[in-house]
Structures are given as C-alpha cells and as structure tokens.
Amino acid sequence: MNEPLIIAGHTFSSRLLVGTGKFASPTVMHDVIMATGSQIVTVAIRRVDLTQPQDPVLEAIPQGTLIVPNTSGARNAEEAIRIGKIAKASGLSDWIKLEITPDPNHLLPDATETLIAAKLLVAMGFKVLPYIAQDPILAKRLEELGTAAVMPLAAPIGSNAGITDDTFLRLIIANANIPVIIDAGLGAPSHVARAMELGADAVLINTSLASARHPIPFATAMRKAVEAGRMAYESGLPSRSATASASSPLTGFLQGA
Amino acid sequence: MSFSAQFSEEAVHARLTALAQVTDRDVLDALSRPEPKIGDFEILLSPTAARHIEAMAQKAHHLTVQRFGRTMQMFIPLYISNVCYNRCTYCGFSMDNKIDRVTLTLDKVRSEAALLHAKGFRHILILTGEAPDHVGAIYIRDAIREMRPYFDSISIEVQPLSEAEYRMLIVEGVDGLTLYQETYHHETYLAHHLSGKKRLYAKRLDALEGGARAGFHRINVGALMGLYDWRFEAIALADHLRYLMRAYWQTQYAVSFPRIQGAEGGYTAQNPVHDRDLVQLITAFRIAFPDLGITLSTREAAALRDHLVPLGITQMSAESNTAPGGYSGSDSLEQFEISDERPLVEVQKMLLAKGYEPVMKNWDASLVATVTL
C-alpha cells in the first residue's frame with residue numbers, strides 16, 4: 001500500500017501534479033499547492049520572467065516542490081524545443097512538460113510534432129513528460145523514445161468534463177512501462193478518483209482548482225480523491241462482473257464426463 | 001476564397017431583420033445550452049436578449065473563468081508615429097488635421113520602451129498612422145529591434161502589410177497583429193474613409209489573412225463602434241471570425257469593440273453604442289465564442305472598465321497615451337481621448353480587489369523569434 005510514484009528515478013509520495021495557470025493571485029496558487037500536497041508543479045515558461053531573480057510565480061511555489069517547465073504556447077516542435085532550451089539554460093530545470101498545441105482554442109496536442117520534439121529533447125538529456133491525446137500507439141512510441149512518462153488527456157483542457165470514455169486510457173495504462181499521468185479535463189473529485197481507480201500513476205489538474213469558488217478546500221477534496229482512488233486501485237478494486245454467476249450451473253453435467 | 005469574396009452585406013441585413021422575431025424562449029434556450037449552437041449568437045444580440053442581460057452576464061462570467069481563469073493580461077499601446085496619408089472622419093491623425101506630425105527616432109523608441117518596461121509592462125502594442133513611404137515595414141522592423149529587449153510580447157497595429165512584410169516582422173519577434181475593419185458596412189466605410197489607401201475596403205478586409213498565413217500567433221479583429229448599426233457590425237465581425245478560425249485554425253483570435261471617442265476633427269458617433277449595448281456585445285461574443293480573447297482599452301471610463309472586467313474581458317491596457325512620444329513627455333496630439341487615466345498600479349489594485357491576477361507576462365519571445373542560445 002502507498003506505493004510511491006517514481007518518475008525518471010525520482011520518488012514522490014504525492015500522485016497529484018498541479019498546473020500553475022489561471023489562479024487569482026500567486027498567494028492563492030501557493031495555498032492551493034500546499035492543500036493538494038503536490039510535490040510536482042508545472043509552470044509555463046511564457047508566464048515567468050527567467051531574467052528576473054524573483055519572479056512572482058516561481059517565488060510562490062512552495063520550497064522543495066519539483067518545478068517542471070511546460071512549453072505552453074508552442075505550435076510545433078521547433079518552438080517547443082526553443083522553450084525547453086531556455087528553461088534548461090536558465091538553470092530552472094531539465095524536466096520538460098511537452099505541450100504542442102497548434103489549435104489555440106481546444107489546446108489539443110499534435111501527435112506528429114510531439115513525437116519529433118520528444119526525440120530531440122530526450123537526446124538533449126531532458127526528462128520529457130509529453131501531453132498527448134488518448135492514443136495507445138503514440139504512448140508506446142514515446143516510451144520507446146525514452147520519455148519519462150506519458151500524459152494522456154481525460155478531456156480538453158479546461159473542460160472539467162472528466163473521463164467520458166475510458167477505453168483508450170485503459171489500453172495506455174495496461175501497456176505502459178512508464179508512469180501514465182492523466183492530464184486535462186479533470187474537474188471534480190469523482191473524475192480524479194476514477195482516473196486513479198483505472199490505474200493511472202498520477203493526475204495533473206489546474207483549471208478546476210483555479211476556478212473553484214473556494215479553491216483551497218476544493219484542493220483538499222482533490223487530494224483526498226487522488227488518495228482514495230489510488231488506495232482503491234492498490235487494494236484490488238472489486239471488478240464489476242460482466243457475466244452472471246448462476247447459482248445452478250448450466251454445465252455442471254460436464255464434470256466427470 | 002478570401003473573406004471579402006464571400007462576405008454578403010445582404011445576408012447580414014437579413015439576419016439583422018430576423019432579430020425582431022426572437023422570443024424570450026429563444027433567449028432562455030440559447031442560454032441553457034452547454035455548447036453554443038448555430039444562430040445562438042444572433043439570438044443573444046437581439047433586442048429581446050437585452051432584457052436578459054443579467055443572465056447573459058452570469059453565463060459569460062462563468063465561461064470566461066473556466067477558459068481563462070481568474071487572470072487579466074495587461075498590455076500597453078505605444079504610438080511611434082502619427083504621420084498619416086488617410087483622411088478619416090473620426091480620427092485625430094487624419095491627414096487634414098493641422099497637428100504636429102511626429103515619427104519617433106529609434107533612440108526615442110528605445111527610451112519610451114525602457115520607460116514602459118520600468119513601469120512593469122511586458123506586452124506591448126505598437127501603433128502608427130498609415131504613411132508607407134515614411135513609416136514602412138523597414139522602419140517598423142527597426143523600431144521592433146529597439147523594443148525587443150524590453151518586451152516579451154510585441155503586437156502591431158499598423159497599415160495592412162504584405163504577407164512577406166508580416167513574415168519579416170514575425171522573425172523579429174512580433175507575435176500579434178491587430179487590424180480593425182472599422183465598419184463592415186461598405187457604404188459607411190466609404191463615407192468615413194475619404195481618401196488614402198485605407199479607402200480600399202476589400203484590401204483591408206483581407207489583410208488579416210496574409211497575417212495569418214505569415215504565422216502570427218495572435219490576431220485581434222474589431223470594428224469601431226458608432227459608425228454604423230452595432231448589431232450589423234457584430235454579425236459581420238462574427239462571420240469574419242468564423243471564417244478566420246476555420247481557415248487559419250492555428251491562430252488565436254481576440255476581438256475589440258472600440259467605441260468612438262472625441263478626437264481632433266470633432267467627430268461624434270452617428271450610431272452611438274450605449275453601455276448596455278456594449279455589455280450585450282461582450283457577453284454575446286463570449287457565449288458564442290468561449291475561447292475568444294476580448295480586449296478592452298482605456299477609451300472606456302474607469303468605472304465602466306471595472307464593471308466590465310468579470311464579463312468576458314481577457315486583456316486590457318492601462319496608463320495609455322495615444323500621442324507618439326507621449327510617455328516621456330510630448331505635446332503632440334492624441335489620436336483619441338483616453339477616458340481611464342489611472343496608472344498601472346491603480347488598475348492592478350482594482351483587479352486584485354476583484355479577485356483577478358493582473359498578468360504582465362504570458363508570452364515568451366523565444367516562441368517566435370529566432371534566438372541564439
């Protein structure tokens with residue numbers, strides 16, 4: 001019980017990752033991160049001023065939290081790689097959450113460009129966490145390239161829609177030898193609990209935390225849901241039986257036949 | 001096919017006429033749908049929908065928080081030239097106006113940029129009049145090179161340029177293009193743009209497409225509210241947006257509804273847009289286009305701006321001056337009068353008090369500029 005989350009050889013006790021956009025203030029963001037118990041947060045390089053010694057967003061992240069820069073805003077591999085290089089060169093991190101979203105409205109990930117960028121970033125020594133659609137083959141391709149995890153979406157970013165169909169997430173989880181972190185679209189404790197029950201290694205949430213009326217108690221609720229879902233998964237969730245178990249077997253006559 | 005080739009004023013007029021048939025039931029149905037349906041936008045623009053303005057505002061607020069969070073992007077306009085060869089009835093820079101014409105030297109561009117950077121601005125919008133042989137793409141490029149070290153995001157609002165010129169500016173690190181059609185009503189357009197290249201209605205209408213092809217990350221469209229029926233402009237603007245969003249799906253779009261303000265030349269709006277109309281415009285666009293940026297300038301009064309913040313606005317300027325060189329002191333004339341003259345810090349305080357984080361930086365030049373690492 002309480003298996004730790006291991007990504008790229010680093011061990012974490014929390015399975016809840018937090019995105020740092022959309023908050024009403026850096027203070028709220030700080031308090032929300034504390035309430036989630038998160039040990040990994042992602043930060044958009046476009047939001048921070050790496051030339052400034054005390055960037056307000058970076059300053060508000062609790063000490064000891066792993067900061068994973070993300071490539072938010074990138075439309076192709078080239079732009080994403082530039083962002084990654086800047087993050088690394090600044091000394092911020094050699095982790096990178098790879099988000100390549102050519103469509104600015106739904107922010108859906110571009111499989112082709114993500115694969116290209118992941119290959120190059122891995123070769124440059126980054127620990128790459130790619131944001132992808134629910135594509136089991138792409139997930140395996142990325143794993144083979146050496147990404148540290150895969151981050152399939154539950155639903156479009158900011159939709160708070162939850163997992164509406166788990167068919168492909170199940171396949172991704174079943175086939176993965178690296179952590180599967182379900183990202184985007186998780187808007188309620190029931191959504192994250194479901195993701196964890198499916199066997200996701202972790203979840204990442206942002207919009208629902210930032211837009212909840214009372215973000216801090218909501219963050220606590222999300223933390224508990226992640227823990228509950230994980231605990232249920234580790235304890236061997238009783239499966240919903242798909243077939244009837246008849247009290248009088250129909251094929252009993254075959255025994256000894 | 002370009003937008004000008006498929007845009008039909010008659011079709012817009014027909015939809016405008018149909019607004020009279022909209023019932024309260026139609027409005028309530030449109031407001032209860034989780035996803036906007038074809039025709040909902042027109043329903044929400046109708047006079048009937050004006051009676052449901054509070055419900056529209058609630059929905060618009062909810063959608064904006066969900067999509068954009070509790071944040072407000074801040075930016076500052078920088079006018080680098082007021083030389084203009086166009087004659088436009090409503091504009092202080094119109095060629096006929098006897099004002100001092102100023103084009104900032106590159107040294108002056110740099111000092112204005114440094115001053116705005118020191119105030120805390122990181123997103124800038126550069127504006128000029130339209131005088132291509134005086135303030136052409138090369139001058140604009142040189143000005144951008146001066147500004148580049150001071151700003152993370154640079155947008156331009158200048159005369160329509162060629163696709164190749166747009167590309168040249170993007171390579172220098174420009175990520176946003178703003179170009180307003182002013183009015184989509186052709187006859188009205190000609191009545192207000194008396195001479196100069198701006199008189200070419202279709203050229204202006206299609207210029208954004210060259211910008212989108214060139215690769216701007218952000219495009220801001222708009223109409224100058226007050227020249228013609230605001231509902232006509234809104235329907236046409238929505239058509240334009242839908243066209244652009246389908247054809248150039250990698251660009252992020254924003255919209256502005258600048259209302260005509262007093263300017264040298266003494267023009268007053270012939271079709272005034274009241275505060276209530278402006279609220280209906282903003283909320284109808286938000287509900288019909290949940291992902292659209294909505295820009296609010298300092299043309300509007302402080303008190304009204306404060307009220308508009310939660311209704312769908314995603315980016316706003318502060319402390320603006322519309323005279324070239326105006327930030328470091330200049331007596332050249334403004335393009336139009338600023339209503340909200342509060343300094344940035346006051347606007348930031350207001351936003352924080354309303355539960356919004358004023359975001360100074362939400363872009364990185366490395367996304368567009370070819371930087372050497």
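Throughout, a chain's letter reflects where its sequence line sits, starting with A, and its residues are numbered from 1.
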**OP:** For the pair A:Arg75 (side chain) and B:Gly215 (backbone), establish whether a donor and an acceptor sit closer than 3.5 Å, ignoring hydrogens and angles.
**Re:** yes

Original post:
Got a sec: does the NE2 of B:His307 have more than 12 other heavy atoms crowding it under 6.0 Å?
Top reply: no

**OP:** Assess the side chains of B:Asn362 and A:Arg46: does a donor N or O sit below 3.5 Å from an acceptor N or O?
**Re:** yes

Subject >> Shortest non-hydrogen separation from B:Arg67 to A:Leu107 and the atoms involved >> reply: NH2-CD1, 4.4 Å

Subject >> Set of residues satisfying side chain to side chain contact (heavy atoms under 4.5 Å, CB included) with respect to A:Ala210, sequence neighbours excluded >> reply: A:Lys22, A:Phe23, A:Asn206

**OP:** Answer yes or no: does atom NZ of B:Lys354 have more than 12 heavy-atom neighbours from other residues, nucleotides or ligands under 6.0 Å?
**Re:** yes

**OP:** Among B:Leu352, B:Thr251, B:Leu292, single out the residue with the greatest number of heavy-atom pairs under 4.5 Å to chain A.
**Re:** B:Thr251

**OP:** Check whether any side-chain heavy atom of B:Tyr356 sits under 4.5 Å from a side-chain heavy atom of A:Ser25, and report yes or no.
**Re:** no

**OP:** Can you measure from CG (A:Asn105) to CZ (B:Phe289) and round to the nearest 0.5 angstrom?
**Re:** 10.0 Å

**OP:** Write down the atom of A:His106, the atom of B:Asp291, and the distance for their closest heavy-atom approach.
**Re:** NE2-OD2, 4.2 Å

Name each donor-acceptor pair under 3.5 Å that joins a side chain in residues 184-191 of chain A to protein atoms two or more places apart or in another chain, with its distance.
unit_1: A:His191; atom_1: ND1; unit_2: A:Gly187; atom_2: N; d: 2.9
unit_1: A:His191; atom_1: ND1; unit_2: A:Ala188; atom_2: N; d: 3.2

Original post:
Where does A:Val48 contact chain B at under 4.5 Å (heavy atoms): side chain, backbone, both or neither?
Top reply: backbone

Subject >> Contacting region of B:Met245 [heavy-atom separation from chain A under 4.5 Å] >> reply: side chain

Original post:
Which region of A:Ser72, side chain (C-beta onward) or backbone (N, CA, C, O), has a non-hydrogen atom less than 4.5 Å from a non-hydrogen atom of chain B, or is it both or neither?
Top reply: backbone

**OP:** Verify side chain to side chain contact (heavy atoms under 4.5 Å, CB included) between A:Asp103 and B:Gln250, making sure each step is shown before the conclusion.
**Re:** CA-CA 5 Å; A:Asp103 158 16; B:Gln250 298 202 20; over 6 Å; no

Subject >> Exceeds 12 heavy-atom contacts within 6.0 angstrom, atom CZ of A:Arg141 >> reply: no

Original post:
Please walk me through it: do A:Glu79 and B:His217 pass side chain to side chain contact (heavy atoms under 4.5 Å, CB included)?
Top reply: CA-CA 12 Å; A:Glu79 291 174 354; B:His217 275 255; 3.1 Å; yes

Subject >> Over 12 non-hydrogen atoms of neighbours within 6.0 angstrom of CZ in A:Phe168 >> reply: no

Original post:
Closest heavy-atom contact between A:Ala24 and B:Gly355?
Top reply: CB-O, 3.2 Å

Original post:
Between A:Pro26, A:Pro104, A:Ala74, which residue shows the highest count of heavy-atom pairs closer than 4.5 Å to chain B?
Top reply: A:Pro104

Original post:
Say you draw a straight line from OG of A:Ser208 to CD of B:Gln66; how long is it, rounded to the nearest 0.5 Å?
Top reply: 10.0 Å

Original post:
How close do A:Ile45 and B:Asp364 get, heavy atom to heavy atom, and via which atoms?
Top reply: O-OD2, 3.8 Å

Original post:
Can you tell which of B:Gln252, B:Arg122, B:Lys361 has the highest number of heavy-atom pairs within less than 4.5 Å of chain A?
Top reply: B:Lys361

**OP:** Flag yes if more than 12 heavy atoms outside A:Met34 fall under 6.0 Å of its CE atom; otherwise flag no.
**Re:** no

